[in-house]
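We use all heavy atoms of the structure for the numbers below, so side chains are in, but hydrogens, waters and symmetry mates are not. The sequence lines fix the lettering, A, B, ..., with proteins before strands; numbering per chain opens at 1.
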Amino acid sequence: MTVEKKAILQKFPRSPDVLLSLLHALQRTNPQNYLTQEDLKLAAEYLGLPLSRVRDAVSFYTMFSLKPRGRHIIRVCESPNCHLAGAWSVVEELKKTLGIEVGQTTPDGLFTLELTSCLGACGVAPVMMVDDEVFGNLTPERVREILRGIRGAG
Amino acid sequence: MKRLFLLLCSGSACQSSGALAVKQALVEAITEQGLTEEVQIVETGCMGPCELGPILLVYPDGVYYVRLKPADVREIVTEHFLKGRPVRRLLWTAPAPEPRTIPFFARQMKIVLGNCGQIDPEKIEEYIAVGGYEALARVLTEMTPEEVIAEITRSGLRGRGGAGFPTGKKWQAVREARGNPKYVICNADEGDPGAFMDRAILEGDPHSVLEGMAIAAYAVGAEKGYIYVRAEYPLAVKRLEVAIAQARKMGLLGPRIFETDFSFDIELRMGAGAFVCGEETALIASIEGKRGEPRPRPPYPATFGLFGKPTLINNVETFANVRHIILRGADWFANIGTETSKGTKVFALAGQVKNTGLVEVPMGITLRELIFGVGGGVPEGRRFKAVQIGGPSGGCLPESLLDVPIDYESLKKYGAIMGSGGVIVLDDTSCMVNVAKFFLEFTADESCGKCVPCRVGLRLMLSILERIARGEGTEEDLQQLEDIGHMIQSTALCGLGQTAPNPVLSTLRYFREEYLAHIQEKACPAGVCPALIHYEIQGELCRACDLCRRACPTGAVQGTPRNPPYSIIQDRCIRCGACLEACPFGAVVKIPGRKG
Ligand SMILES: Cc1cc2nc3c(=O)[nH]c(=O)nc-3n(C[C@H](O)[C@H](O)[C@H](O)COP(=O)(O)O)c2cc1C
Ligand code: FES
């Protein structure tokens with residue numbers, strides 16, 4: 001176990017109800033934004049849960065991934081308000097600029113493109129999140145600008 | 001002495017349109033002009049009209065600046081703050097020292113949202129300055145738990161999470177339930193697409209939720225609370241963390257609050273992207289670290305909830321109402337609204353309506369007042385067609401029902417629901433078959449798959465709708481949709497399945513002729529379903545500029561430059577509409593029905 005992961009575990013009490021928070025934290029420390037088999041074992045052992053139960057939980061929630069993803073996760077809202085406001089042109093622009101389909105990761109490992117249901121920012125539809133940040137009133141130009149910004153920041 | 005107060009909205013929506021950069025620019029310009037002593041910037045929660053963001057409200061002048069850019073800021077500072085001349089081109093409306101004179105606000109009644117946009121949500125002192133935690137103090141020092149429950153019951157407050165269960169009655173059940181410890185849970189999972197009132201409250205006035213939970217805990221006899229918040233709401237998570245830490249520091253959470261025997265603390269739990277976790281039994285399973293699947297009720301969480309203990313679970317907006325009822329009294333609250341639905345409700349107005357955003361109105365106002373009074377009606381030149389109310393499981397109501405009062409019972413009677421308060425206005429460019437299909441796709445995707453009626457039934461309905469949209473439906477299909485829909489309503493395990501057929505059933509009820517047009521005439525009257533429309537080029541308008549031919553991805557447009565008219569080879573056309581968008585002369589038209 002890496003020192004980093006050990007430090008994460010120790011921030012949590014050994015009680016099953018922290019499972020999701022713990023998994024979020026472990027997933028975030030992996031640069032590729034996913035949970036390794038090792039992570040699942042760590043969580044299970046630390047919380048005293050059967051590994052099968054941890055696997056079961058992970059498979060249920062869409063925000064956990066067992067496959068490596070990009071360093072940044074782009075999630076475009078596909079719910080009604082965003083849909084009506086033209087979310088598809090945003091998705092098309094992202095696909096074109098990044099050269100990937102929804103669910104894929106760019107070859108340089110920087111971005112994964114995903115869809116999500118409503119992000120609760122419908123007042124500024126169409127909306128996407130990049131990691132923890134919300135971007136609204138999107139147009140294809142604005143999307144290109146945002147991607148450039150993130151690429152620049154590394 | 002501060003002379004001007006700048007309320008800068010920094011809710012998620014305004015942040016996403018650049019509020020933080022505007023703040024930066026404000027700070028710089030104010031410092032440059034030496035106004036730091038006179039001007040105070042307050043970062044607030046959501047003010048409501050999100051699409052106008054970033055928004056700055058200047059007090060005491062009552063001036064709203066909208067759609068601000070960092071480049072505008074210097075002018076505002078030098079002209080307005082220094083010389084007292086508001087910058088007109090950046091104003092939303094004429095200066096209105098009393099925001100109530102602005103039509104968007106005039107018909108609203110802000111109780112739950114009262115603090116949102118008025119105080120800095122990251123400063124507990126500001127909350128306390130406007131009466132925060134007074135209700136908790138009063139409850140702990142002057143009232144017995146029974147009296148608190150009686151007051152909430154008398155107020156008529158009902159759950160704002162969708163089902164509208166009487167809150168006092170729920171508290172009573174948890175109080176009476178045997179078992180220890182007891183828990184209080186705040187449902188902040190807000191998964192309904194189009195709803196963002198809970199987010200606005202959490203981001204704009206987090207302490208009102210903590211205070212409501214503490215009062216509830218005292219009433220039911222709990223010492224520990226959880227807030228289950230969506231992982232998609234990082235700003236809400238952050239503001240809650242700050243609020244909880246500040247409340248603990250001031251002794252408003254933790255052991256022996258206000259030096260009484262009452263102790264209460266709150267922990268945050270994050271979801272991980274599963275809509276069904278908003279359902280209370282699924283949510284409890286998720287807090288326990290399991291798959292978030294619902295289970296049959298009874299037993300209800302009130303007797304068998306978190307870790308098998310008696311548990312009170314209420315929605316964010318429900319908790320945010322509590323302090324107002326305690327402070328102003330049950331009678332005051334019960335005076336607002338209708339016979340069965342009391343108080344206000346926050347709605348998220350969206351779709352084809354002039355003013356979008358969050359609005360809070362008294363229960364019982366009509367749909368017409370909400371959509372046309374507060375919302376300003378549909379945009380110029382369009383016709384109102386339907387309002388979809390209650391989220392993806394809500395119903396679509398037609399123009400003839402616009403005078404229905406908004407309360408739990410009336411909406412249900414006509415096939416819609418209050419739900420969480422999402423309102424989408426549809427005009428004549430929307431196809432009701434397509435709308436029904438769209439919402440059903442959402443619920444079918446989110447079905448957790450545990451019960452057969454929901455898992456299989458919704459898919460079946462969806463395939464029928466897809467068939468109709470392709471022009472391959474029959475009249476028997478409509479009957480079948482209704483039969484399956486009613487079957488799912490009565491047999492599904494949880495509220496997701498029980499309400500999911502609503503969009504289909506309500507559109508069948510009020511817009512049947514539109515379904516029939518798809519079936520009998522093979523035409524989509526609104527011109528939306530690609531299989532049931534075609535495009536034509538009107539020869540007399542065509543200038544043979546060649547733009548449409550170049551835009552067409554399938555080579556379906558035919559013609560030679562400068563030699564009108566062009567034409568479309570129908571069996572090559574995929575009806576993507578690229579030619580229509582490309583044409584500068586309006587010569588390309590979309591026509592309902594197949595070419596025939
Ligand atoms: C599929 C489904 C999703 C739900 N999502 C939410 C939600 O996001 N937020 C919420 O407060 N209630 C939601 N509910 C309602 C909860 O089950 C529960 O009734 C509510 O939290 C009780 O609080 P209240 O009495 O204050 O309304 C949902 C119900 C169902 C069936
Ligand atoms: S519909 Fe996209 S953020 Fe709500």
Side-chain angles (χ1 to χ4, degrees), chain A residues 13 15-25 27-28 35 43-44 47-49 53-65 75 77-85 114-138 142 146, chain B residues 11-17 46 48-51 53 190-196 198-200 226 230-236 267-275 277 286-293 306-307 348 350-352 356-358 388 392 422 424 430 435 438-439 442 445-446 448:
Chain A
S15 120
D17 63 282
V18 302
L19 179 64
L20 297 194
S21 309
L22 178 57
L23 291 172
H24 273 302
Q27 177 161 282
R28 247 196 313 270
L35 288 162
L47 300 179
L49 291 170
R53 207 181 112 197
V54 175
R55 284 228 172 87
D56 193 40
V58 167
S59 69
F60 184 80
Y61 297 97
T62 55
M63 285 177 111
F64 298 129
S65 172
R75 288 179 295 163
C77 170
E78 55 166 344
S79 283
N81 294 344
C82 285
H83 186 85
L84 291 173
E114 297 183 354
L115 299 179
T116 175
S117 69
C118 180
L119 295 168
C122 331
V124 290
V127 176
M128 69 177 184
M129 276 181 96
V130 181
D131 304 325
D132 274 357
E133 203 174 335
V134 181
F135 297 91
N137 293 327
L138 295 174
R142 184 116 205 276
I146 293 165
Chain B
S12 279
C14 277
Q15 285 201 7
S16 81
S17 43
C46 181
C50 309
E51 56 162 355
E190 191 164 64
D192 262 13
F196 48 104
D198 293 350
R199 168 178 217 153
Y226 290 90
R230 310 177 68 189
E232 288 90 342
Y233 284 7
L235 185 63
E267 283 187 38
L268 281 185
R269 286 289 179 271
M270 256 199 265
F275 173 71
C277 282
S286 183
I287 296 187
E288 290 169 348
K290 300 180 188 148
R291 291 169 78 88
E293 280 176 349
L306 188 60
F307 310 120
Q352 279 112 20
T356 61
L358 271 197
Q388 207 278 348
I424 302 179
S430 294
V435 167
F438 189 76
F439 286 107
F442 177 84
D445 270 356
E446 296 295 342
C448 74

Which bit of B:D198 is near chain A, if near means a heavy-atom gap under 4.5 Å: side chain, backbone, both or neither? neither

Which one wins on heavy-atom pair count under 4.5 Å against chain A: B:A274, B:G292, B:C50, B:G422? B:G292

Counting only heavy atoms closer than 4.5 Å, note whether A:D56 contacts chain B via side chain, backbone, both or neither. both

As an exercise: rank A:L49, A:D132, A:V18 by heavy-atom pairs under 4.5 Å with chain B and give me the winner. A:D132

Just how far is it from atom OG of B:S16 to atom CE of A:M128, taken to the nearest 0.5 Å? 10.5 Å

For B:G273, does its backbone N or O pair with a side-chain atom of A:T62 as donor and acceptor, under 3.5 Å? yes

Chain A contact via B:E293 - which portion, at a heavy-atom distance below 4.5 Å: both

Between B:F196 and A:C122, what is the shortest heavy-atom contact and its length? CD2-SG, 3.5 Å

Rounded to the nearest 0.5 Å, how far apart are OG of A:S117 and CZ of B:R230? 5.5 Å

Taking every non-hydrogen pair under 4.5 Å, which of B:L306, B:L268, B:T356, B:I287 racks up the most with chain A? B:I287

Specify the closest pair of heavy atoms between B:R291 and A:S59, including all atoms of both residues, with the distance to one decimal. NH1-OG, 3.6 Å

Could you tell me which residues satisfy ring pair (Phe, Tyr, Trp, His ring centres under 6.0 Å) with B:F442, sequence neighbours excluded, listed by chain and number? B:F275

With a 4.5 Å limit on heavy-atom distance, are the side chains of B:D192 and A:C118 in contact? no

If you count heavy-atom pairs within less than 4.5 Å of chain B, which of A:D17, A:L119, A:L19 leads? A:D17

Sort B:E288 into side chain, backbone, both or neither according to what part of it lies under 4.5 angstrom from a heavy atom of chain A. backbone

Look only at the side chain of A:R53 and the backbone of B:G289, and say whether a donor-acceptor pair between them is shorter than 3.5 Å. yes

What residues form a ring pair (Phe, Tyr, Trp, His ring centres under 6.0 Å) with A:F60, not counting sequence neighbours? none

To the nearest 0.5 Å, atom OG of A:S79 lies from atom CZ of B:F439 at 9.0 Å

So which part of B:A231 gets closer than 4.5 Å to some heavy atom of chain A, the side chain, the backbone, both or neither? both

Minimum-distance pair of heavy atoms, taken over all atoms of A:N81 and B:A350: ND2-CB, 3.4 Å

Atom CG of A:L20 and atom SG of B:C277: how far apart are they, to the nearest 0.5 Å? 8.0 Å

Could you tell me if the side chain of A:E133 sits less than 4.5 Å from the side chain of B:Q15, heavy atoms only? no

Student check: side-chain heavy atoms of B:S286 and A:Y61 closer than 4.5 Å: yes

Of the listed residues (A:P16, A:S21, A:P80), which shares the most heavy-atom pairs with chain B below a 4.5 Å separation? A:P80

Find the one option among A:G136, A:S15, A:A125 whose heavy-atom pairs under 4.5 Å with chain B are most numerous. A:G136

Answer key: most heavy-atom pairs under 4.5 Å with chain A among B:E446, B:E51, B:R269, B:E190 is B:R269

Okay, side chain of A:H24, backbone of B:G271: is any donor-acceptor separation there less than 3.5 Å? yes

